[in-house]
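Positions are given from 1, in the same order as the sequence printed here.
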Amino acid sequence: DVVTDGTQTYGITGGSPLMARVTGMGCTASALVGAHVAALAAQGGVENFALLGTVCALSVMATAGGMAAESAAGPGSFQMQFLDALYTMTLQDVEAQVEVALL
C-alpha cells in the first residue's frame, strides 16, 4: 500500500493476495483507519495524526493478512483466519510481518 498526505509518502509491504478475494476488506480497512486516527487525535500533540493513523491501520491490515495466509486454504478460511489474527496479533507480529518505508 502507498499512503500520502500530498507531502509525505509511506510504502507498506505485507499482507496477502487473498485479501483482494474477500468481501469486506475495504470496510475493515476504513474502520481500522478511523479507529487509529481517532486514537492518535485523542492523544493530542501528534503531528500528522491522520497520515500516521492511516499508516498504522494499514500495517495492522497487512499483518492480519499475512498471519491469516499462513493457515488459510482459500478465501473462506482466510476471512475467518483474518478476523482471528486481528484479535490475537501483537506489536511483535506487526514488526515481523510488515515493512514501512518513507518514500
> With the side chain counted from C-beta on, respond yes when H36 and L40 share a heavy-atom pair under 4.5 Å apart, and no when they do not.
no

> Sort and list the pairs that fulfil side chain to side chain donor-acceptor pair (under 3.5 Å) and have at least one residue in residues 11-33, not counting sequence neighbours.
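As it turns out, there is no side chain to side chain donor-acceptor pair (under 3.5 Å) pair with a partner in residues 11-33 once direct neighbours are skipped.
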
> Just grab all the side chain to side chain donor-acceptor pair (under 3.5 Å) pairs involving residues 55-71, residues at least two apart or on different chains.
E70-Q97, S71-Q81

> Same cluster for M80 and M19 if Ile/Leu/Val/Met/Phe/Trp/Tyr side chains link at under 4.5 Å?
no

> Not counting sequence neighbours, which residues clear side chain to side chain contact (heavy atoms under 4.5 Å, CB included) with T90? List them please.
Q92, D93

> Are F82 and V22 packed together at the side-chain level, in the sense that at least one heavy-atom pair is separated by less than 4.5 angstrom?
no

> I want to check something: taking the side chain as every heavy atom from C-beta on, are L58 and Y10 in contact at a cut-off of under 4.5 Å?
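A side-chain contact under 4.5 Å is absent here.
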
> Do L102 and V94 share a hydrophobic cluster (ILVMFWY, side-chain heavy atoms under 4.5 Å, transitive)?
yes

> Could you pull out all residues at least two apart from T4 that satisfy side chain to side chain contact (heavy atoms under 4.5 Å, CB included)?
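Partners of T4 by the side chain to side chain contact (heavy atoms under 4.5 Å, CB included) criterion, ordered by chain and then number, come out as T9.
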
> Can you tell me how far CG of L18 sits from OG of S77, rounded to the nearest 0.5 angstrom?
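Separation between the atoms: 8.0 Å.
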
> For M67 versus T88, what's the shortest heavy-atom pair and its separation?
CE-OG1, 4.1 Å

> Quick one: side chain to side chain donor-acceptor pair (under 3.5 Å) pairs with a partner in residues 41-57, sequence neighbours left out?
Q8-N48

